[in-house]
Structures are given as C-alpha cells and as structure tokens.
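From a predicted model like this one, the values you see are computed outputs, not experimental measurements.
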Amino acid sequence: MAYRNPLPVAVALQPVYDAQGTALVVITRTIEPARGGTALPGGYIDDREDWRQAVVRELREETGIDAASRDVRLADAMSSPDGHLLLFGLLPERPAEDLPPSAPTDETSGRHLLRRPEELVFPLHTLAVRAWFEGRYICP
C-alpha cells in the first residue's frame, strides 16, 4: 500500500500592535506561484520537521522575525482543492516596534502589516486572515 503525500504547508499568523491598532504580518512574493501578490509567510514543511518548527522557520526566512516554536498554537487546518494541507500557526502578539526592519529575502520583496481583512493571493490565506480579524483565533 502506498500513500500520497498531501504536501503539508506551514503558515504563520504573526499579530503585532502599534499606535494604529493590531495587524498581521504579510509578505509580498517574488517567486511563483502568485509572484507579486500578498500572502501570509509560509511554505512546505521539510522532511521530519515538526510543523511548529516549520512555522517559525518560514516566518524567519520570509520576514526576518524570530519566534519560538513552543509559542506556536494551531489556529486552523485547511485542505486546498489541489491536495495541500495548510496548518496555520498562531504566534503571540508582539509590538511592531520590536520587529526587525523589513528587507527583501530570497522569496519576498519584504513585509508589511495588514490592518484589515483583504483578498490575498491564496484563497485559504484569505479565509484565515478573515477568521483572525473576526476574533475566531485567540492569541496564545
């Protein structure tokens, strides 16, 4: 018997706050798919990697923000029509002033703050962002 890998993806929900209120960290992609679009930081879970470690690795790789895997809580798990399993990891809220400066990475042109729900390049990211802004995910 053989099983097909559903290609698990770890996605970071990193809330931040400042004088303007609370927001989520998002990135602008410089790679396909969805080059030039806005998305949550995320990517494939490496072989034998814990999904929480993948959340913080992807967050660091795409935004420069460090976090501890022990602080990641499962906000949601969703399956896409193409067979990907997305695990949305919620991190504790932090002050925006404590974030490192935004800078381009190998996969992004930098990060910015999303202050209200909007359409992102991946439909399941859009659903997760909407759920977070509606208060359906509680910060650890």
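For the pair H84 and Y44, the minimum side-chain heavy-atom distance is below 4.5 Å. R48 has its side chain out of reach of Q53: every pair of non-hydrogen atoms, C-beta onward, lies at least 4.5 Å apart. Looking at heavy atoms from C-beta onward, L120 lies in side-chain contact with E118 at the 4.5 angstrom threshold. Looking only at side-chain heavy atoms (C-beta outward), F88 and L74 stay at 4.5 Å or farther from each other.
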Practice problem: Dump the intermediate steps for side chain to side chain contact (heavy atoms under 4.5 Å, CB included) on W51 and V72, then the final yes or no. | Solution: CA-CA 9 Å; W51 71 271; V72 178; 3.7 Å; yes

Practice problem: List the steps and the verdict of side chain to side chain contact (heavy atoms under 4.5 Å, CB included) for L24 and L113. | Solution: CA-CA 6 Å; L24 285 173; L113 300 181; over 6 Å; no

Practice problem: Please step through side chain to side chain contact (heavy atoms under 4.5 Å, CB included) for the pair L99 and V16, ending with a clear verdict. | Solution: CA-CA 9 Å; L99 300 180; V16 298; 3.8 Å; yes

Practice problem: Determine, step by step, whether L114 and V129 satisfy the side chain to side chain contact (heavy atoms under 4.5 Å, CB included) criterion, reporting the C-alpha distance in whole Å, the side-chain angles of both residues, the deciding distance to 0.1 Å, and the verdict. | Solution: CA-CA 9 Å; L114 189 66; V129 163; 3.6 Å; yes

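No side-chain donor-acceptor contact under 3.5 Å links H125 to the backbone of A39. With hydrogens and angles disregarded, no donor-acceptor distance shorter than 3.5 Å links the side chain of T108 to the backbone of P104.
For residues 8-27, the pairs satisfying salt bridge (Lys or Arg N to Asp or Glu O under 4.0 Å) are D18-R115, with sequence neighbours left out. The salt bridge (Lys or Arg N to Asp or Glu O under 4.0 Å) pairs that include a residue from residues 59-70 are R57-E61, where partners are two or more places apart or lie in different chains.
In this structure T126 satisfies the side-chain hydrogen bond (donor to acceptor under 3.5 Å, both in side chains) test with no other residue, sequence neighbours excluded. For R35, the salt bridge (Lys or Arg N to Asp or Glu O under 4.0 Å) test picks out no residue, with sequence neighbours left out. Not counting sequence neighbours, the partners of E134 by the salt bridge (Lys or Arg N to Asp or Glu O under 4.0 Å) test are R136. Shown here are the side chain to side chain contact (heavy atoms under 4.5 Å, CB included) partners of S109, two or more places apart in sequence or in another chain: T28, T30. In this view, A10 and I45, A54, V55 satisfy the side chain to side chain contact (heavy atoms under 4.5 Å, CB included) rule, not counting sequence neighbours. Residues passing the side-chain hydrogen bond (donor to acceptor under 3.5 Å, both in side chains) test with S80 are D82, sequence neighbours excluded. Looking at residues two or more places apart in sequence or on another chain, you find no side chain to side chain contact (heavy atoms under 4.5 Å, CB included) involving P81. Listed by chain and number, the residues in a side-chain hydrogen bond (donor to acceptor under 3.5 Å, both in side chains) with R29 amount to none (sequence neighbours excluded). For S79, the side chain to side chain contact (heavy atoms under 4.5 Å, CB included) criterion is met by L85, not counting sequence neighbours.
With hydrophobic clusters built from ILVMFWY side chains whose heavy atoms lie under 4.5 angstrom apart, W132 does not share a cluster with Y17. Grouping the Ile, Leu, Val, Met, Phe, Trp and Tyr side chains by contacts below 4.5 angstrom, directly or via other members, places L124 apart from V121. The same ILVMFWY cluster, assembled from side-chain heavy atoms under 4.5 Å apart, contains both V56 and V25. Put simply, L90 and V9 are part of the same group of oily side chains (I, L, V, M, F, W, Y) that touch within less than 4.5 Å, one to the next.
Here the CD atom belonging to E107 is positioned 8.0 Å from the CD1 atom belonging to I27, to the nearest 0.5 angstrom. Within the model, atoms CG of L59 and OG of S69 stand 12.0 Å from one another, a figure rounded to the nearest 0.5 Å. A distance of 14.0 Å separates CG in L13 from CZ in R73, rounded to the nearest 0.5 Å.
Between P33 and F122 the shortest heavy-atom distance is O-CZ, 4.0 Å. Taking every heavy atom of both residues into account, L91 and A67 meet most closely at CD2-CB, 3.7 Å. T63 and P41 get closest at one heavy-atom pair: CG2-CG, 3.9 Å.
Under a 4.5 Å side-chain heavy-atom cut-off, the cluster of Ile, Leu, Val, Met, Phe, Trp and Tyr residues that includes I31 has no other member.
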